[in-house]
Protein chains: 2
Amino acid sequence: MNQPLILIIEDEESLRRFLIPTLSGQQYQVLSAATAAEGLAMARTHNPDLVLLDLGLPDRDGMSVLKDLRAWSRKPVVILSARNQERDKVAALDQGADDYLAKPFGAAELLARIRVALRHTLSADVADPVICSGGLRIDLERREISQGGRPVKLTALEYRLLEALVRRQGKVATHSQLLSEVWGPGGEGNTHYLRIYMAMLRKKLEVDPTRPRHFITEPNVGYRLNLDASSD
Amino acid sequence: MNQPLILIIEDEESLRRFLIPTLSGQQYQVLSAATAAEGLAMARTHNPDLVLLDLGLPDRDGMSVLKDLRAWSRKPVVILSARNQERDKVAALDQGADDYLAKPFGAAELLARIRVALRHTLSADVADPVICSGGLRIDLERREISQGGRPVKLTALEYRLLEALVRRQGKVATHSQLLSEVWGPGGEGNTHYLRIYMAMLRKKLEVDPTRPRHFITEPNVGYRLNLDASSD
DNA sequence: CTCCATACTTCCGGCATCCGGAACATCCGG
DNA sequence: CCGGATGTTCCGGATGCCGGAAGTATGGAG
């Protein structure tokens, strides 16, 4: 993401005329659309790094555009709106928007908030849902796991646990984090369950379950999914 | 993160009185501090999931508090401020703040923006800063420490001690502070343990344990983690 | 109904860590 | 030189965490 691509969905031409040069002058690539339909189409084809979305579009309700976007993309969305009602802000933010700027706004603030939104997605580009490492293959989209070419069947809980570990991308997952994500809130405290199902995952997915390479235990803290098979 | 812990750093008591019950009523755990010094100390000891920071504190400039926090943590920070100047907003956002709310604000909007900030740490993981200094590498988020490229295994206590030092960011940590943070309140007095475990850290993380460059002892006071390896 | 996979529960042994004490070396200021 | 604070190394014992091996429900498929 060297030159982030920003998509502007905004019907007022005067505002577009202002936004496009402002953003272009900041090493951003800019796309713009004047209607919801056009904007959604562009989002699908170009997959921008960030979307500036006006809520007051002529052809469709802005909230439904946001919902549509969120159905398939997690890219940051910054709302621009003439409506300054708290109700609108809360609705948009809870629908998945990352920020909400009421018109009129200053260029400097807009740029700063864009930087914040882009900062969030810098570190974690979870674009690739397929993970391969040392004979292990995890395809979260298709729910297909395989070890050394052989497909592996996982039970519901085993899969939820694996998913929680994968989402952490190699970082530690706390006992309580895993327990509440897999067994639901209230499951904290039963660290035994974790031990049992980690043992299952190891038995099914490790070459040598007694010396795990991928499913690492962090004593006193939790577990971690190691994705560099190189480390030995 | 089942019940996210939120730290409020705010000097106006009336606002604190309003914020605390508002947040507590939303399944959040709440901590509050009235001064910058107190707030930073609480952040270091409790490591909250989100910080609400007032920029107009009496004892210190809010921006310097933000900078101090950002030196060791990427946990979301939402700024509350009476200043509504664009200049202030841009400065705070670029310094690492995640959102900026100008007073007066509505409770619903604040809660929505808190939800957004917490959502970011869940899905699009933000990484804590990685501290590097003279061959020493400390990644608090992944709990990975390495010295000269070699990964180093730390025990639970060693790690807690190192974490307490890192959060002080080069400032001295007194004996009693470290003891109560690592060994729990009541552990004060056993300066012996400190010597033992500081020795461990030095053995594992210093190039020449007999002449420490990073783990400096401040006689009669405590210890300090030196992060400029340049000083020799 | 029976069979079987899954989920939950319990028990136990191994092992790293941690505690607490002791001894001894070192450094520094008075 | 002396005394205090600090650094380093040993050891035995206690603790707690982890992993493995059971056994016990539950619920669905045949």
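Quick note on labels: first sequence line is chain A, next is B, and so on, each numbered from 1.
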A.B. asks: Atom CG of N190(A) to atom P of dT10(C): distance rounded to whole Å?
C.D. replies: 10 Å

A.B. asks: Report all interatomic pairs (protein N or O, nucleotide N or O of nucleotides 27-29 of chain D) with separations under 3.5 Å.
C.D. replies:
none

A.B. asks: Using atom types as modelled and distance alone, determine if a side-chain donor or acceptor of D208(B) lies under 3.5 Å from a backbone N or O of T210(B).
C.D. replies: yes

A.B. asks: Among dA7(C), dC18(C), dT6(C), find the nucleotide with the atom closest to the side chain of K153(A).
C.D. replies: dT6(C)

A.B. asks: Given atom CD of E158(B) and atom P of dA16(C), what is their separation to the nearest angstrom?
C.D. replies: 14 Å

A.B. asks: Whole angstroms only, please: what is the CG-C1' distance between L179(A) and dA7(C)?
C.D. replies: 15 Å

A.B. asks: Would you say the side-chain atoms of S73(B) pair up with the backbone N or O of R70(B), donor to acceptor, closer than 3.5 Å?
C.D. replies: no

A.B. asks: Taking atom C1' of dG7(D) as reference, at what distance in whole Å does atom CG of D208(B) sit?
C.D. replies: 13 Å

A.B. asks: Any strand is fair game: report the nucleotide pairing with dG3(D) by Watson-Crick or G-U wobble, both distances under 3.5 Å, or none.
C.D. replies: dC28(C)

A.B. asks: So, does Y159(B) get its side chain near the phosphate of dT17(C), meaning an N or O under 4.0 Å from OP1 or OP2?
C.D. replies: no

A.B. asks: Has E10(B) got a side-chain atom pairing as donor or acceptor with A34(B)'s backbone, closer than 3.5 angstrom?
C.D. replies: no

A.B. asks: To the nearest 0.5 Å, tell me how far I145(B) CD1 sits from R150(B) CZ.
C.D. replies: 14.0 Å

A.B. asks: Can you tell me the distance, in whole Å, between the CG atom of L194(B) and the P atom of dT8(D)?
C.D. replies: 14 Å

A.B. asks: All N/O contacts under 3.5 Å from nucleotides 17-23 of chain D to the protein, with atom names and distances to one decimal?
C.D. replies:
from, atom 1, to, atom 2, distance (Å)
dC18(D), OP1, N220(A), N, 3.1
dG19(D), OP1, R202(A), NH1, 3.0
dG19(D), OP1, R202(A), NH2, 3.4
dG19(D), OP2, Y223(A), OH, 2.9
dG19(D), N7, R195(A), NE, 3.0

A.B. asks: Determine: side-chain N/O of W183(A) to OP1/OP2 of dA7(C), distance under 4.0 Å, yes or no.
C.D. replies: no

A.B. asks: Is it true that a side-chain atom of H214(A) and a backbone atom of L205(A) form a donor plus acceptor pair closer than 3.5 Å?
C.D. replies: no

A.B. asks: Any donor and acceptor pair, going by atom type alone, linking the side chain of D11(B) with main-chain N or O of L57(B) inside 3.5 Å?
C.D. replies: no

A.B. asks: Does atom NZ of K67(B) have more than 12 heavy-atom neighbours, drawn from other residues, nucleotides or ligands, at distances under 6.0 Å?
C.D. replies: no

A.B. asks: Would you mind reading off the distance between H192(B) atom NE2 and dG4(D) atom P, rounded to a whole angstrom?
C.D. replies: 18 Å

A.B. asks: M200(B) has an atom CE; how far is it from atom P of dT6(D), in whole Å?
C.D. replies: 19 Å

A.B. asks: Verify the neighbour count for atom CZ of R60(B): are there more than 12 heavy atoms of other residues, nucleotides or ligands below 6.0 Å?
C.D. replies: yes

A.B. asks: Donor-acceptor pair, distance only, cut-off 3.5 Å: does the side chain of R168(B) make one with the backbone of A164(B)?
C.D. replies: yes

